[in-house]
Number of protein chains: 2
Amino acid sequence: MAKQTAARERVLDAFAELLIEEGERAATLDAVAAAAGVSKGGLLYHFGSKEALVDGLIDRLSEMSEADTARMLAAPEGVVEYFVRTSVDCGTPFDRTIIAVARLAQGQHAQASGAMADIRRSWLRTVEDAVGDPDTARAIVLMCDGLYANTGQLGMGVSDPDEGSDESIERLLAVIARLLPADGR
Amino acid sequence: MAKQTAARERVLDAFAELLIEEGERAATLDAVAAAAGVSKGGLLYHFGSKEALVDGLIDRLSEMSEADTARMLAAPEGVVEYFVRTSVDCGTPFDRTIIAVARLAQGQHAQASGAMADIRRSWLRTVEDAVGDPDTARAIVLMCDGLYANTGQLGMGVSDPDEGSDESIERLLAVIARLLPADGR
DNA sequence: GTCTATAACTTGATAGAC
DNA sequence: GTCTATCAAGTTATAGAC
């Protein structure tokens, strides 16, 4: 983790934002540079190619993922509840980065797909440790994949404006509780 | 449903295939024409613009969706089991078309997002009618969204090569059965 | 470190031949 | 119905000034 200039970070922020809000196609070097407030030449000083820019975002995601797993394990409300809640509210920097890289994974970016698969494996392992039963853990992680697909608009459109509401989380947690023996810790 | 020429259908097939296998960015008019075995000019005779091509695929999806809902309601194994099984095996023409349009929905195609949302609403309504409880229905549909996200590589990468196997479906159905009072019909 | 200018190529779309 | 030019605009990347 060498010292990274502010401009470099701004470029990554802009890249992620464009991927999320307008899709992979709109996230051109021109658009990213403009959104980051630098020229295209300036951008290409920090990231020598578009591929390097993609790699930069994937690296950022990997770092964030490790930190999030630690937070999940330490969460006072328990692993499952933390996991479900943060899958519905896609507003955290980590969630935003996931959505951005997920967009890249749909292209032909093998590295992006690999990074997403790594994260999902990590979730599965962590939830499995928490709930005991592998099949139950898989069902829970699948529901959260579904939440990302919906609230993050990972392809499913938004069928229900209420999908991400506080109340809907509670109802979903109640359904999940029916799958668990005692509590989801 | 006017009589559609074979070439027109081949173009739509090629477009969907490119979207699925290589992502939105690779699905250019050039690439689609080549894959369909026509020239770009030939393609543009059938679909006057790229937007018309997108609309053509969305229309095809809408037709398929109605037919699938009828099949789901008539399925001897029951709505829920039919729904889960067809979400895991993304090999049917309908599933392939869903994945293709989902890719478009991640760009800025409002119509594609709308079509996906319509389909999901239809699923939710149908499963809700079948299982009675809205919250349980939502949990089931979310799991299937998750399955699409995984097996269809809708952003989640493929974390588990076993995710789409026959055995994993049975285990998932067993977990879902725990949520249902009697049987999922 | 950041900019402008520009080169080389791709993409969507049009025109007109067959 | 389908093809071959051809075009304007957009996209990535390089070169060199500041």
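All heavy atoms count here, side chains included; hydrogens, waters and symmetry mates do not.
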Review point. Quick one: B:Asp30 CG to D:dC3 C1', roughly how many Å, whole number?
Key: 14 Å

Practice item. Apply side-chain contact (heavy atoms from CB on, under 4.5 Å) to A:Asp13 and list each qualifying residue two or more places apart in sequence or on a separate chain. Key: A:Arg60

Point to revise | Nucleotide nearest B:Thr5 when distance is taken to its side chain, options C:dA13, D:dG1, C:dT11 | key: D:dG1

Point to revise | From C:dT11, C:dA13, D:dT12, nucleotide with atom closest to B:Thr28 side chain | key: C:dT11

Check your understanding: Should B:Val88 and B:Leu147 count as side-chain neighbours, where that means a heavy-atom distance under 4.5 Å?
Key -> yes

Check your understanding: In residues 8-22 of chain A, what residues come within less than 4.0 Å of DNA chain D, judged by heavy atoms?
Key -> none

Review point. Which residues satisfy the side-chain contact (heavy atoms from CB on, under 4.5 Å) test with B:Arg85, sequence neighbours excluded?
Key: B:Glu81, B:Ile169, B:Glu170, B:Leu173

Check your understanding: Any ring pair (Phe, Tyr, Trp, His ring centres under 6.0 Å) pairs touching residues 115-153 of chain A, not counting sequence neighbours?
Key -> A:Phe83-A:Trp123, A:Trp123-A:Tyr148

Exercise for review: Look at the side-chain N and O atoms of A:Arg25 and state whether any lies under 4.0 Å from the OP1 or OP2 oxygen of C:dG12.
Suggested key: yes

Exercise for review: Report the distance from atom CD of B:Glu24 to atom P of C:dT10, rounded to the nearest whole Å.
Suggested key: 19 Å

**Study point:** Close approaches to DNA chain D from residues 32-52 of chain B, in residue order (heavy atom, under 4.0 Å)
**Key:** B:Val38, B:Ser39, B:Gly41, B:Gly42, B:Tyr45, B:His46

With a cut-off of 3.5 Å and sequence neighbours excluded, list every side-chain donor-acceptor pair involving residues 15-29 of chain A.
from, atom 1, to, atom 2, distance (Å)
A:Glu17, OE2, A:Arg96, NH2, 2.5
A:Glu21, OE2, A:Arg96, NH2, 3.1
A:Thr28, OG1, A:Ala31, N, 3.2

Review point. Excluding sequence neighbours, so at least two apart, what forms side-chain contact (heavy atoms from CB on, under 4.5 Å) with B:Arg178?
Key: A:Asp133, A:Thr136, A:Leu179, B:Val175

Quiz: residues 137-145 of chain A side-chain donor-acceptor pairs under 3.5 angstrom, not counting sequence neighbours:
from, atom 1, to, atom 2, distance (Å)
A:Arg138, NE, B:Glu163, OE2, 2.7
A:Arg138, NH1, B:Ser168, O, 3.1
A:Arg138, NH2, B:Glu163, OE2, 2.8
A:Arg138, NH2, B:Ser168, OG, 3.4
A:Asp145, OD2, A:Arg120, NH1, 2.2
A:Asp145, OD2, B:Asn150, ND2, 2.7

Practice item. Check side-chain contact (heavy atoms from CB on, under 4.5 Å) between A:Arg71 and all other residues, then give those that pass, not counting sequence neighbours. Key: A:Ala67, A:Asp68, A:Tyr82

